[in-house]
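Before any comments, here is the structure.
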Protein chains: 4
Amino acid sequence: MGDIEEAATVLTRILEAAAEEFGRVGFSGAKVEAIARRAGVNKAGLYYHVGNKEKLYEAVLLRLFAQVAGTLEEAVAQGGDPGQALGALARAMAGLFARLPMLPRIMALEMASGGAHMPAAALAEFRRIFTVTRDILARGVADGSLRPAEPVFVHLALVGTLIVYSLSEPLRRRFADAARDLGLSLDLPLAGVADFLAETMGRGLASEPPACPPCAAAFLEEADHEDA
Amino acid sequence: MGDIEEAATVLTRILEAAAEEFGRVGFSGAKVEAIARRAGVNKAGLYYHVGNKEKLYEAVLLRLFAQVAGTLEEAVAQGGDPGQALGALARAMAGLFARLPMLPRIMALEMASGGAHMPAAALAEFRRIFTVTRDILARGVADGSLRPAEPVFVHLALVGTLIVYSLSEPLRRRFADAARDLGLSLDLPLAGVADFLAETMGRGLASEPPACPPCAAAFLEEADHEDA
Amino acid sequence: MGDIEEAATVLTRILEAAAEEFGRVGFSGAKVEAIARRAGVNKAGLYYHVGNKEKLYEAVLLRLFAQVAGTLEEAVAQGGDPGQALGALARAMAGLFARLPMLPRIMALEMASGGAHMPAAALAEFRRIFTVTRDILARGVADGSLRPAEPVFVHLALVGTLIVYSLSEPLRRRFADAARDLGLSLDLPLAGVADFLAETMGRGLASEPPACPPCAAAFLEEADHEDA
Amino acid sequence: MGDIEEAATVLTRILEAAAEEFGRVGFSGAKVEAIARRAGVNKAGLYYHVGNKEKLYEAVLLRLFAQVAGTLEEAVAQGGDPGQALGALARAMAGLFARLPMLPRIMALEMASGGAHMPAAALAEFRRIFTVTRDILARGVADGSLRPAEPVFVHLALVGTLIVYSLSEPLRRRFADAARDLGLSLDLPLAGVADFLAETMGRGLASEPPACPPCAAAFLEEADHEDA
DNA sequence: AATGAATGAGGCTTCATTCAT
DNA sequence: CATGAATGAAGCCTCATTCAT
């Protein structure tokens, strides 16, 4: 005992250090030496535990994606109508990104690499993640509250926006002073983006409210005249 | 003759090759040797023209960002009401990304690096780019067609979504077959995303249409009853 | 066992190989590859131990200068009147140069480079080295055996001559045959130079011996006549 | 016309620039590009004029050594007794070094390289240079004013000291402040060294003045007793 | 003669990975 | 398990030199 715990702790420390390092500088930019130092283990020790840089990266991906999928499922399971669920999704993702700043970076870098290092097992996590959005939309269309829309578009509109907003933080911060002259606030918190998305996408995807009868009648009449 | 032309061509060839390489594998992943080979010049020749890897990268960024700013400005200048202008913005960006597949990748990678290699001159281009969105929104609020919204949020909702959709292409393609079982189409063209954004963000940002008089009257009456 | 010994040995071997290489061709002429080969280690191994070419050079300088200072102090500590001490100094230096042929070369090359790579720590060794000569001269002036003279001039007359004589060896050797026609022996051993310096500088710096009484009397008388 | 002048001027400018560069950083440290820039010609133009780096270096050496030989011969030809001639030699050399600061550096660096790049023609200049010292000494022994001594030792004692003093200037300057605490003046001008050498070597090489007769008699008597 | 543009060879350094203890 | 010490394979960059104009 202790031993196994210790072993688990060491592995965890390594994975966390690696996540930070990979998120900071990407796969090719990350140095095994730096990860080992950050994790407080010897370089050779790291190899003993994880095999090699590639396997380490895959383990990091798997761990993170599982966390993402779990968090999103949980957030959506809280209930609420489909519109609210989309908002919950965005807010949950923003929460994740705030807690794990390396997460959006790794997601972006991994996508940019074309999934070069994506382990097969991670695909299963993807499936879980996409399913969440798809189910919300299906529910919304079924109950008439949402217009039909491609789930991938909706999903990436939410997640993509949050990723890029997180990613751009250092740049926005650097540009913030100069941007104030333009009347732009570049340093708003990520949570604000989630709220914005919840509101704007919610409205944008909402089905038209049924017009009041007199209006509808007037509208139809007009249309008749035009046709004539 | 052709001397000056040739020289310009060489630099251009180098910058294009570099853009592709940097977009493919990022700054640290890119190999100067590969860029030179791709550009059809000797490695030393490349150094003769561009100084070093870092300067090369900066030149690439500057060139691309200038292209982006120019294209967006042009697209929006075509006129149209603010809602249409946002759509034009999204479609212009999508067009750029389709023509220059390395562009969204470089943008993402550069953001991920915290702008580590961003030349000061590139900030000026950023200013132009953000200004476009800000002006559309200001116009929309002024003429009453749009709700007020943070320009940065809107801008990144459009651009971020397009970036991540582009970025995720290889991964979506790889996952496409498996996703069909889930009822998901992962391989829709980027233009579809632009249309989706134009539609959804347009609706989401539109100000409420004034209700028809009878409805409004009915609504007010109801409110009176509730107050009582 | 032997680990620590071996490790120490490796560093020592590297420093010795580097000293020879730097002495042979100077800093810019020395190739890290050659030093590593000569030391029997891998190039990367050399970097593991010493960091980089510059640090390697500094370590070499420090080691050599410490040896010089130690040897000179020891030689002079043997006692003897100031005139003998200067001779001992010259002979000790000549002995060092004979044992470490790269030493005069490195000293010359380092001076020629303006001390570009001189580590701050080496200045402390310089202080020790110069102090030796200064103390001898001070002692000689105090006991009346030596004329006052600038310590730096004396020091560099001894050391500079020995350095240049050592440095010029290959050239003298090459020129030796042709020079015999001129009645010049260019291939005399360095020890001869030390003896020559001991003798000549000894005489040159000696205070006038008190003339014998009759001579002095005669001299004074003459002076009187001249004054008159 | 003009053309040939111009050509001559260009070559001269190149040789001067090269002398400074080689003196500053040695053969391997010197960059053809830097020499060309300093001489105000194109790199390819430099090659057109001088062939290659090695030939350029040889031309520089030849030019400098011829200047040295000429100056020394001239200085000594001014006449004066052998002791004064040695002083004149030292002062002439010091004058040369003051006017051409790269000269002592190049001499040292060339010696350090074992004459690797020394052109055969330069040997003839060496012969002239050494001959000067040899002749003075021979004259001094012949007229009884100087003790016999190896010409090479004397020559290098003078020249070597001046070379090393010149060479060490930057280092002495850097160390000067710290050395003042030790009672050392490290920043005395080179001319002082020449004077010191003239004085000290003059005394050191002077033949013994004949002792006054009574003293000599006493001395001989003492020696007899010791023998007994 | 002069110049901008190459280019091959080689040098310094880094880094993922392994080995011996 | 842990660690200091290797090592081969690159990667970035420089530089002497040449070529075409």
For this session: For the pair B:Lys31 and B:Glu21, find out whether any cationic side-chain nitrogen is under 4.0 Å from an anionic carboxylate oxygen.
Result: no

For this session: Figure out the NE2/P separation between D:His117 and F:dA16, and round it to whole Å.
Result: 12 Å

For this session: Using whole Å, report how far CZ of A:Arg37 lies from P of E:dA16.
Result: 12 Å

Problem set entry | Ionic contact status for C:Arg24 with C:Glu20, cut-off 4.0 Å | no

Exercise. A:His117 vs A:Tyr57 aromatic rings, parallel, tilted or perpendicular, using cut-offs 30° and 60°?
Worked result: perpendicular

Exercise. OP1 or OP2 of E:dA6 less than 4.0 angstrom from a side-chain nitrogen or oxygen of B:Tyr48, does that happen here?
Worked result: no

Exercise. Closer to the 5' end of DNA chain E via nearest nucleotide, is it D:Leu46 or D:Lys43?
Worked result: D:Leu46

Exercise. Less than 4.0 Å between a side-chain N and a carboxylate O, is that true for C:Glu16 and C:Arg13?
Worked result: no

Exercise. NZ of B:Lys31 versus C1' of E:dT14: gap in Å, rounded?
Worked result: 14 Å

For this session: Any strand is fair game: report the nucleotide pairing with F:dT21 by Watson-Crick or G-U wobble, both distances under 3.5 Å, or none.
Result: E:dA2

For this session: Quick one: look up who F:dA9 pairs with, Watson-Crick or G-U, both distances under 3.5 Å, and put none if it's unpaired.
Result: E:dT14

Exercise. To the nearest Å, how far apart are B:Asn52 CG and F:dG11 P?
Worked result: 17 Å

Problem set entry | Distance test, side-chain N/O of A:Asn42 to OP1/OP2 of F:dG4, below 4.0 Å | yes

Exercise. With sugar-phosphate meaning primed atoms plus P, OP1 and OP2, does C:Ala34 contact a base, only sugar-phosphate, or nothing at under 4.0 Å between heavy atoms?
Worked result: nothing

For this session: Dump the intermediate steps for side-chain contact (heavy atoms from CB on, under 4.5 Å) on D:Leu64 and D:Val60, then the final yes or no.
Result: CA-CA 6 Å; D:Leu64 286 177; D:Val60 166; 4.0 Å; yes

Seminar exercise, completed: B:Glu33 atom CD is separated from E:dG10 atom C1', nearest whole Å, by 14 Å

For this session: Measure the distance from CD1 on D:Ile14 to P on E:dA1 and round it to the nearest whole Å.
Result: 11 Å

For this session: Would you kindly compare A:Gly29 and C:Glu54 by the position of their nearest DNA chain E nucleotide and give the one closer to the 5′ end?
Result: C:Glu54

Exercise. Rounded to whole angstroms, how far apart are OH on A:Tyr47 and P on E:dA20?
Worked result: 18 Å

Exercise. Can you check the A:Leu56 CG to E:dC15 P distance for me, whole Å?
Worked result: 16 Å

Seminar exercise, completed: Taking for B:Phe27 and for D:Lys53 the nucleotide of DNA chain F with the nearest heavy atom, the one nearer the 5' end belongs to B:Phe27

Exercise. Under 4.0 angstrom, heavy atoms only, what part of the nucleic acid is A:Ala30 near: base, sugar-phosphate, or nothing?
Worked result: sugar-phosphate

For this session: Determine: side-chain N/O of C:His49 to OP1/OP2 of F:dA6, distance under 4.0 Å, yes or no.
Result: yes

